[in-house]
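Read the structure below first, then the notes.
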Amino acid sequence: MNEKGKLASVVEETVAAPTPPNESASALVIAASDKAGMENVDRGRINAIILRESGDSLFMRQQRRRDGRVDVQISELKRVLANADPNWRRDHEARCDVDAAVFLAARPTRSACVVVDMDMFYMACALQSRPHLSGFPACVGHGMILTSNYRARKYGVRSAMAGWIGDKLVAELSGGKERLVHVDSDFDLYKKKSNDVKAVLTEYDPRLKMCSLDEAYMDFAPYLALKISEPEWDHDTISRVLGGVDPGGEGATVCTTGVRGVLVDPYEILSSLPERVCAAALARVVHEMRGRVRERTGLTCSAGLAPNFLLAKIASDVRKPDGQYLVSPSHDAVNYFLHPLPVRKVGGIGRVRDKILGAFGIKNVKDLYRERALVHLLFKEASASFLLRASVGCSSSDSGESDDGPQKGIGKERTFRAGQSWAETVSRLEDIALGLSEAMQKKELWARTVTVKAKLHTFDVVNRSRSVPRGVFLQSGQDLAAHATSILDEIRRDFGKEQFSLRLLGIRCTNFKDAQDGEETSIVKYLTKPRSATAAAAAQSQPSEKSPPSEKKYVDLTEESVPDPIQTAGIVSCPVCQRKFPADENDALNVHIDACLSGGLIRETVHEESLRHEQSKVAGGKRRRITDFW
DNA sequence: ATACATACC
DNA sequence: TACTGGTATGTAT
């Protein structure tokens, strides 16, 4: 694609038409399939096949027990509602509105948060060495499907699904014509590829957070602020400056000409620019970045661009695969984007919360906002606050909370065939302890609390933990194994030695030693006495309800959110500087916008805008260097 | 401090 | 036949 067409297509793909709606099945059992795009899929047939094939397996029984527990929880909440003070709605709503106003005031007014999500990452990696597979429904993983290609997704095959169910789905829905291909996972390859991706992304935000191998959270404010206020800098220069590297190149030269010692918040610079300028520049830069990722790795990714990460995360899914979507920061644009979405789309709302909310008639985010008083009445403070935030499109990160502190726990777990002898089981546990110890040594972690996780053959999970006294820390394989074995022995005693058949064992260490904990303590084996028995509770299973298909998932944001050449009666305006062009001279317009964004006209534009709005923070010749901020 | 549930990829 | 693994957090006790 030529340079002229580029921006137009960025804008186009960023605003293009909404994708079709998802439904959300409320049965926990089936609900595996509603977070990411499953369009053109016969959900009814798929669910029927999954249910039939799952039959009455132990796994399904366990799922139904969980489902039943949630039903109990729901009826308890209904009781709370029935017994609530008659004025509950007025009172809770008042409190919510105060909180919501605070949240909204803290939400950034420019879109600079970007969530990058690789498209079907594991599968895409696998396909690079097996290109022939793209013609078949294929997935990574055997017993458990980690990811699938789009061909397989059409048949309802998706991550977290049991392998054999995927086989059945493909066989049946293709009328026996197709067969699901399984590929072994290769985490060394994924890690390598992930590092390649990270290397590219780091050029745009060296402080990015990789949330997993295929997902990154990035703040583009610094990059954009530099790009806009230093129009003559190219990407390499900006990225060197961002990284704090002093290569002695042009960047360094320009750097030294700046006003030193003045800290300027990059976000402040963006705020002083028209929102459309920031949006257009961000869309363009992110598009370039995705191109570089593809060049470097041969893999495509999708991105969500928004004023905060809650919105960016949701947006990253909208144009998947290989697309991007921008949510403008105005309240109207955010609500227009967010309100029609099913609450399940919000990160942090999973199957269970979705079902509970659904039981109170809350299906989409608008409902969640409308019923904020009810939510506040029913949920604990932390949950209610989170849900209120989400319903108005705010996230805790808006208020400066950073969740990237030190690691809080580390663990290893392994699934195996149930029904092994006690000796074998203990041996498994020791293997895990050794592996975990190794990992802790690598990371120099010392822990005070050891938790053993045991999944019974029934899929019920038991956790039991033990802490050693203050000042004592564990790391060695011997110590971990000794504690873990002793804890597991207690569990076995409490559950009775016969029916004690496990399908999974895990050990997790928490309560790490930090800097304040002083010098290294000698390793002491400290085994506490066994505690009294605890019984596992079982809940009755109950059928769960279905939710009706939702109306519309995404809405077209052309007007609200995005710089788009504004067309009125044969005249088109540049989204950046509002300069007018004849509508039939699209090429000329694109060339102009390109130049505009590349910096040539930015200063002039900014100057005009600033004069207009009398907020001349970065205007004209007295513009500040922002280099020293980092 | 402990146990369990929920959520994310 | 057959349903992961790793980390963090929230809630209850």
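Predicted, not measured: the structure shown is a model, and the values here were computed from it. Order of the sequence lines fixes the chain letters, A, B, ..., with proteins taken first and strands second; residue numbering starts at 1 for each chain.
Distance, Lys453(A) NZ to dT6(B) P: 13 Å, rounded to whole Å. Atom C1' of nucleotide dA5(B) and atom CZ of Arg351(A) are separated by 13 Å, given to the nearest angstrom. Spacing between atom NZ of Lys455(A) and atom P of dC4(B) amounts to 14 Å, rounded to whole angstrom units. If you measure from atom NZ of Lys209(A) to atom C1' of dC8(B), you get 11 Å, rounded to the nearest angstrom. If you measure from atom CD of Gln73(A) to atom C1' of dA5(B), you get 9 Å, rounded to the nearest angstrom. Per the geometry, CG belonging to Leu488(A) stands 13 Å off P belonging to dA3(B), to the nearest Å.
Between dC3(C) and dC8(B), the two P atoms lie 23 Å apart (nearest whole Å).
The phosphate of dA1(B) has OP1 or OP2 within less than 4.0 Å of a side-chain N or O from Arg470(A). Proximity of Arg466(A) to the phosphate of dA1(B): no side-chain N or O atom is located under 4.0 Å from OP1 or OP2. Close to dA1(B), at under 4.0 Å from its OP1 or OP2, lies a side-chain N or O of Asn511(A). Contact between the side-chain N/O atoms of Ser467(A) and the OP1/OP2 oxygens of dT2(B) is found at a separation under 4.0 Å.
Residue Lys313(A) is in sugar-phosphate contact alone, with no base atom involved, counting any heavy-atom pair closer than 4.0 Å across all strands shown. Across all strands, Ile145(A) comes closer than 4.0 Å to no nucleic acid atom at all (heavy-atom distances). Contact annotation for Thr147(A): no contact, since no heavy-atom pair falls under 4.0 Å across all strands. Nucleic acid contact for Arg508(A): base, since at least one base atom lies under 4.0 Å from a heavy atom of the residue.
Checking Arg466(A) against Ser486(A) by side-chain atom types alone, a donor-acceptor pair falls below 3.5 Å. For the 3.5 Å distance criterion, the side chains of Ser302(A) and Asp119(A) qualify, holding a donor opposite an acceptor. For the residue pair His376(A) / Asp99(A), no side-chain donor-acceptor distance below 3.5 Å is found, with atom types taken as modelled. Between the side chains of Tyr155(A) and Glu172(A), not a single donor N or O lies within less than 3.5 Å of an accepting N or O.
A residue-by-residue look at Lys408(A) and Arg417(A) shows that Arg417(A) has its nearest nucleotide of DNA chain C further toward the 5' end. The 5' end of DNA chain C is approached more closely, in terms of each residue's nearest nucleotide, by Glu53(A) than by the other of Glu381(A) and Glu53(A).
Not counting sequence neighbours, the partners of Ser399(A) by the side-chain hydrogen bond (donor to acceptor under 3.5 Å, both in side chains) test are Arg389(A).
Aromatic rings of Tyr122(A) and Phe187(A) (six-membered ring for Trp) have centroids within the 6.0 Å cut-off, being under it.
Think of the region where chain A sits on DNA chain C: with heavy atoms and a 4.0 Å cut, that region ends 5' and 3' at dA2(C) to dA12(C).
For the salt bridge (Lys or Arg N to Asp or Glu O under 4.0 Å) condition, the pairs that include at least one residue of residues 189-202 of chain A, sequence neighbours left out, are Lys192(A)-Asp196(A), Asp196(A)-Arg296(A).
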